[in-house]
Amino acid sequence: MQFRFLLPFVASTLIVATNLSPAAEATGEKSTRAVSLTYIANEGLLITGANEKVLIDSIFTNGFGIWDAPSPELLEKIKTALPPFDHVTCVLATHADADHFSATDTLQHLLSNPASAFFAPLEVTQQLHQLPQFDQVKARVHPAAQSGAPTEQRIVAGLVVRAVPLEHLTRPPTMPPAPYNVGHLFTIDGIKFFHTGDMGSQNLQAFQHAKLREEQVDVAIVNCYFFDNASVESALAVLACLNPKVVLLAHLPRQGFEQETDRILKLPGMPRMIALNSPMQAYAISKKGSELLISKN
């Protein structure tokens, strides 16, 4: 069952779920192979195609009592590369915050999965350098240059990841300085994904500089705090520049996620959106011509 629109947690929301009609089937439009996307926790995702598997912002332990974190049992599966976390092509991290990345647990996954590469900002990869056994994985650890320019990394022949510098959400003076944040852009089986990490709404120039609108992104993963009340206009301008077919809304707090989702969905000019709040919920994503099709597994 394909979801053309899915606006969860809003009582007045219209949900339309239809199968492709015979007329649509008769158009001869090519369909892409369905890609599986599984929500892990917070902004963590596992994205699986026919030949590539990407695990992003999923290896961490600390939700600070506010956000989802992998359960101990799930984290153990990730660390030991048990299904569905076996044969991961590439592990990605957007930044060094503890609700996105754990160095010791990431190293354990890389040791358990000797074919997996790791690609992240330099200040993230430097944390791995300090650990025992790093020498066993160092050839597979690739830092994104902190130069303000996108860094492209060819992981395998079929998977190229582009790390785009995007400023982290602005933090109050009482908090530590914001870490260096990147968005990761990659394509799996014809579906283009852009995970923006904890980007703030002040990134319009960065989007324009990286020519992200020209990338024709299918699925954008965006944190809910990007739509802060004080910066809604800037956030919508950034999103319009990217122009994704669908937004996956992540980093939702465990308490009050319905209200936060409701507030964001009511903003004017929002694209199609799916809120992620159920750990290990999986979706099948494919394209029929220019149409993006999403269904819950």
Side-chain angles (χ1 to χ4, degrees), residues 3-10 13-15 35 37 39 42-45 47 56-57 67 92 94-95 100 148 150 161-171 178 181-188 191-253 257-277 283 285 287 290-294:
F3 288 81
R4 304 292 170 88
F5 296 92
L6 178 54
L7 305 180
F9 315 124
V10 185
T13 291
L14 173 65
I15 300 179
V35 173
L37 181 147
Y39 169 61
N42 201 27
E43 283 188 39
L45 300 172
I47 303 174
I56 181 166
D57 274 8
W67 303 288
L92 303 173
T94 60
H95 61 288
H100 294 256
V161 182
R162 186 184 182 204
V164 181
L166 298 172
E167 285 188 37
H168 192 280
L169 294 157
T170 302
R171 284 180 168 173
N181 180 82
V182 302
H184 286 296
L185 181 74
F186 55 92
T187 301
I188 294 181
I191 309 294
K192 184 164 288 190
F193 297 90
F194 187 45
H195 193 301
T196 64
D198 276 0
M199 74 163 177
S201 61
Q202 71 276 34
N203 280 288
L204 182 58
Q205 285 189 337
F207 271 58
Q208 293 169 339
H209 178 70
K211 298 181 179 179
L212 287 171
R213 188 178 183 89
E214 297 175 14
E215 293 288 349
Q216 297 183 324
V217 168
D218 294 303
V219 181
I221 299 89
V222 178
N223 75 85
C224 66
Y225 302 101
F226 173 71
F227 300 99
D228 183 81
N229 285 322
S231 56
V232 164
E233 287 189 11
S234 297
L236 293 177
V238 171
L239 209 55
C241 182
L242 185 63
N243 194 33
K245 290 186 174 69
V246 67
V247 169
L248 303 184
L249 187 64
H251 218 316
L252 286 159
F257 67 86
E258 297 98 336
Q259 294 86 346
E260 182 66 6
T261 303
D262 190 5
R263 179 187 71 82
I264 293 169
L265 291 173
K266 288 180 177 177
L267 295 174
M270 290 298 294
R272 231 165 100 195
M273 182 172 285
I274 296 174
L276 302 176
N277 78 299
Y283 300 85
I285 304 176
K287 284 198 291 190
S290 61
E291 183 180 15
L292 193 73
L293 306 174
I294 302 177

Just so I know, are the side chains of [X] and [Y] near enough to count as touching, which here means a heavy-atom distance under 4.5 Å?
X: Q216; Y: K192; answer: no
X: F193; Y: L45; answer: no
X: I47; Y: V35; answer: yes
X: K287; Y: I191; answer: yes

| request: Might you point out which heavy atoms bring K245 and S290 nearest each other, and give the distance in Å? | output: CE-O, 3.0 Å
Which value, rounded to the nearest 0.5 Å, describes the distance between [X] atom [atom1] and [Y] atom [atom2]?
X: I221; Y: T196; atom1: CD1; atom2: OG1; value: 7.5 Å
X: T261; Y: F227; atom1: OG1; atom2: CZ; value: 11.0 Å
X: L248; Y: M273; atom1: CG; atom2: CE; value: 9.0 Å
X: E260; Y: H251; atom1: CD; atom2: NE2; value: 11.5 Å
X: N243; Y: R213; atom1: CG; atom2: CZ; value: 4.5 Å

| request: Fit a plane to each ring of Y225 and W67, take the angle between them on a 0 to 90° scale, and name the class: parallel (under 30°), tilted (30 to 60°) or perpendicular (over 60°). | output: perpendicular
Okay, side chain of [X], backbone of [Y]: is any donor-acceptor separation there less than 3.5 Å?
X: R272; Y: P244; result: no
X: N223; Y: M199; result: yes
X: N181; Y: D198; result: yes

| request: Step through the shown structure and confirm whether more than 12 heavy atoms of other residues, nucleotides or ligands are within 6.0 Å of CD on Q208. | output: yes
